[in-house]
Amino acid sequence: EAEHDHFLDCPNADVKLRAAALLLDVILCFLILSGIHHVWETARLVTPNLLGPGASVTKLTYWNATLFYCASSLKLFVVYTYFIWTVVILGATPAKLLLGVRVLDARTGRKLNVPRTLIRESLKIGVLAGGFLFSLKRKKFLHDQVARSVVKRVHGGP
């Protein structure tokens, strides 16, 4: 309980720190997804050799479709794990943890639950397409207001 109260007393993370964390998260997630993509491409290229020279076009098409489905499912799982599961379990994405930032319930200082994290991250992705919607009155981003969350700087610089 004292830890949660301590987190609420920490200063809010500023826009620059949050932008840096988001950029680092995108880079880290992209590196993981790029690795999965390269493995899929390699498997797709060696498939004709594995199936033998007499493999039918139908068999190759089926195999490539299966590989594509598996790779796409794995990529979706990685994105879910990276942005949703880490916030629920650890209280922040890996980049936010590196930068000393936590995503917390605005009222209790506890980690967000799965539904609120899903709402927050989904809205954030939707808003990213049109730029961050920022409320000047409350100095909070729209996705934080809807999910009733706050991003705090729990250690680090001034």
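Counting from 1, the numbers follow the sequence of the chain as shown.
Annotation: side chain of Arg153 is not in contact with side chain of Cys10 (no heavy-atom distance under 4.5 Å). Side-chain contact between Leu98 and Leu24 is present, with at least one heavy-atom pair separated by less than 4.5 Å. Side-chain contact between Val101 and Val154: absent, with no pair of heavy atoms (C-beta onward) separated by less than 4.5 Å. Between Val146 and Arg120, the closest side-chain pair of non-hydrogen atoms is not below 4.5 Å. Using a 4.5 Å heavy-atom cutoff, the side chains of Asn113 and Val88 are not in contact.
Contact record, Ala21 with Ala95: O-CB, 3.4 Å, taken as the closest heavy-atom pair. Closest heavy-atom contact between Thr86 and Pro94: OG1-CD, 4.0 Å. Considering every non-hydrogen atom in both Ala92 and Val103, the closest pair reads CB-N, 4.5 Å.
The distance from atom CG of Leu67 to atom OG of Ser72, rounded to the nearest 0.5 Å, is 10.5 Å. Note: Leu23 CG to Ile27 CD1 = 4.0 Å, rounded to the nearest 0.5 Å. The distance from atom OG of Ser122 to atom CZ of Phe83, rounded to the nearest 0.5 Å, is 12.0 Å. Cys29 SG to Lys75 NZ: the interatomic distance, rounded to the nearest 0.5 Å, is 11.0 Å. Residue Arg107 holds its CZ atom at 11.0 Å from OG of Ser149, rounded to the nearest 0.5 Å.
Here Ala106 pairs with Lys140, Val150 under the side-chain contact (heavy atoms from CB on, under 4.5 Å) rule; sequence neighbours left out. Partners of Leu118 by side-chain contact (heavy atoms from CB on, under 4.5 Å), not counting sequence neighbours, listed by chain and number: Tyr80, Ile84, Val114. In this view, Thr81 and Phe77, Trp85 satisfy the side-chain contact (heavy atoms from CB on, under 4.5 Å) rule, not counting sequence neighbours.
Counting only residues at least two apart or on different chains, the side-chain hydrogen bond (donor to acceptor under 3.5 Å, both in side chains) pairs with a member in residues 88-103 are Asp25-Thr93. Counting only residues at least two apart or in different chains, ring-ring contact (aromatic ring centres under 6.0 Å, His included) contacts with residues 19-38 comprise His37-Trp40. Listed by first and then second residue, the salt bridge (Lys or Arg N to Asp or Glu O under 4.0 Å) pairs that reach into residues 32-50 are Glu41-Arg44, sequence neighbours excluded.
At a threshold of 4.5 Å between side-chain heavy atoms, the hydrophobic network of Ile, Leu, Val, Met, Phe, Trp and Tyr places Leu28 and Val78 in one connected group.
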- Determine, stepwise, if the pair Arg116 / Asp105 fulfils side-chain contact (heavy atoms from CB on, under 4.5 Å). CA-CA 9 Å; Arg116 287 181 52 201; Asp105 183 303; 2.5 Å; yes

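A salt bridge does not link Asp9 with Lys152: every distance from a Lys NZ or Arg NE/NH1/NH2 to an Asp or Glu carboxylate oxygen is 4.0 Å or more.
No donor-acceptor pair closer than 3.5 Å links the side chain of Lys111 to the backbone N or O of Leu104.
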